[in-house]
**Student:** 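Got a structure here, written out as structure tokens. Questions coming.
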Amino acid sequence: MRDKIIYLDNNATTSCSYKVQEAVRVCMKEQWGNASSQHFIGRQAYRLLEESRERVAAALACRKSEIFFNSGATEGNNWIFLSLLKSNPGKRRIVISSIEHKSVLLSARALEALGFEVVEMPVTQDGVVDLKQASELISNNTVLVSCQYANNETGVIQPVSQLCEMAHNAGAIFHCDAVQGLGKDNLEMSKQDFDITTFSGHKIHGPQGTGILYLRGGFKSWPYTLPFVGGGQEHDVHPGTHNLPGIVGLATAVEEVVSNLSQRIDHFSKLQKLLEKELLINIPGCIIHGKSANRLPNTTNVAIPGLPADILIANMPLFCISSGSACNSGAIGASYVLQSMGCLEEVSKRSVRISTSIFTTKKDIRSFVSELITTLKTLPSL
Ligand code: PMP
């Protein structure tokens, strides 16, 4: 049964690529040392660590000193808010978008309880941050503006360059959660002015539990107190023994997705075009969220008429799709992202996300649509 499963949930996580698996395996077998140890085995591990950092920096077009390895974007996103909390900056306003991942949203709200003022930039019906309203919210009292590169549920790409400029004009720092952008759009750090950017390994065919914190100008340029203390690894940006196999796998994944970027985008775009055409032809009344916005080519979020998403998903067991983000899927409720876009709760509960990878084929897409049509015919609409 396993090989019949069609995986269309790549915004939740991706399978490790062959090169990544190999890199992790070799590292675990041959270079298992602690990169902080002074002896031969440790120095060997340290060289591998720094070589991995160089590979990531080259792929992201930035300096090696600007790359910090951590456990993923949840840690990276929390880190920023904890850092502000420890520093107690004079300015108290934090501006985030209303559709941020929970690791940003809840981190910001935690600070609100401690005297910061958190304001949310609304999004348009297409799921794009409203720049006019953003400009009114980003004031001289703003310490941080945080906006994701692209939304994990809808794939809508955000106007991050403009928001970054607004933040800088107001004397604030700009954070971009770029988890969903990497490997799906051109994201060279040298072309952006972001002060801090967070990435995750497992969304790009790298190992789970790996991530990157990019700090423009390196750790000395970060104006706030570092939130964690420990053995000094990663200049205490992420203290603790390095997860070397994870880091090596992550570097391999970053290199792979960046070097194949144009083929990846081309592949995703063809699948997206096929999927959305088939959905619109075969399922009258379906709504593709954010259809007219600039979207990631691998993501389609669609409201299916007649059935709640959880019932649909339960009745298509060979197809891995999602209702909203994986972190929320324990609780079956309406998506706050879709609701921020003005989507009715009832429509939001009928919405599913299909997210492809480089391993998805046209045949997978056709099988999915065909199974969806059959399921809708078989189940009574609710
Ligand atoms: N931000 C976004 C936009 C995401 O999609 C995710 C993963 N769902 C995260 C942050 C959290 O990343 P991680 O799984 O590496 O903690």
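Keep in mind the model is a prediction, meaning the values are calculated, not measured. Order of listing sets the numbers, starting from 1, for every ligand and every atom in it.
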**Student:** Just which atoms of ligand 1 are under 4.0 Å from any heavy atom in His202?
**Tutor:**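 It comes down to these atoms of ligand 1: 13 (P), 14 (O), 15 (O).
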**Student:** Could you tell me whether the side chain of Val179 reaches within less than 4.5 Å of the side chain of His101, counting heavy atoms only?
**Tutor:**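 Answer no - side chains too far apart.
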**Student:** Using side-chain heavy atoms (C-beta onward) and a distance below 4.5 Å, is Glu66 in contact with Met189?
**Tutor:**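 A side-chain contact under 4.5 Å is absent here.
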**Student:** Do the side chains of Ser98 and Asp130 get nearer than 4.5 Å, heavy atoms only?
**Tutor:**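 No - every pair of side-chain heavy atoms lies 4.5 Å or more apart.
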**Student:** For ligand 1, which atoms, with element, lie under 4.0 Å from some heavy atom of Gly72?
**Tutor:**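 Going through ligand 1 atom by atom, the ones under 4.0 Å from Gly72 are 15 (O).
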**Student:** Does ligand 1 have an atom that lies less than 4.0 angstrom from a heavy atom of Lys203?
**Tutor:**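 Distance cut 4.0 Å: Lys203 passes for ligand 1.
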**Student:** Number the atoms of ligand 1 from 1 as they appear, then name those within less than 4.0 Å of a heavy atom of Ser200, with their elements.
**Tutor:**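 The list of qualifying atoms is 13 (P), 15 (O).
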**Student:** Could you say whether the N/O atoms of Gln180 and ligand 1 ever approach to under 3.5 Å?
**Tutor:**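 Between Gln180 and ligand 1, an N or O pair is found under 3.5 Å apart.
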**Student:** Which residue pairs satisfy the salt bridge (charged side-chain N to carboxylate O under 4.0 Å, His left out) criterion with at least one member in residues 234-253, sequence neighbours excluded?
**Tutor:**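 Every pair satisfying salt bridge (charged side-chain N to carboxylate O under 4.0 Å, His left out) with a residue in residues 234-253: Arg53-Glu234.
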**Student:** I'd like to know whether CD of Glu136 has more than 12 heavy-atom contacts from other residues, nucleotides or ligands below 6.0 angstrom.
**Tutor:**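 More than 12 within 6.0 Å, yes.
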**Student:** Is it the case that ligand 1 has an N or O less than 3.5 angstrom from some N or O of Gln148?
**Tutor:**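 No, since none of the N or O atoms of Gln148 sits under 3.5 Å from an N or O of ligand 1.
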**Student:** Taking distance alone, with N or O pairs closer than 3.5 Å, would you say Thr74 contacts ligand 1?
**Tutor:**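 N/O-N/O distance under 3.5 Å: yes.
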**Student:** Is Val56 close to Phe199 at the side-chain level, that is, under 4.5 Å between some pair of heavy atoms?
**Tutor:**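 Side-chain contact under 4.5 Å: no.
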**Student:** Short list, please: which atoms of ligand 1 are under 4.0 Å from a heavy atom of Asp177?
**Tutor:**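 Close to Asp177: 1 (N), 2 (C), 3 (C), 10 (C).
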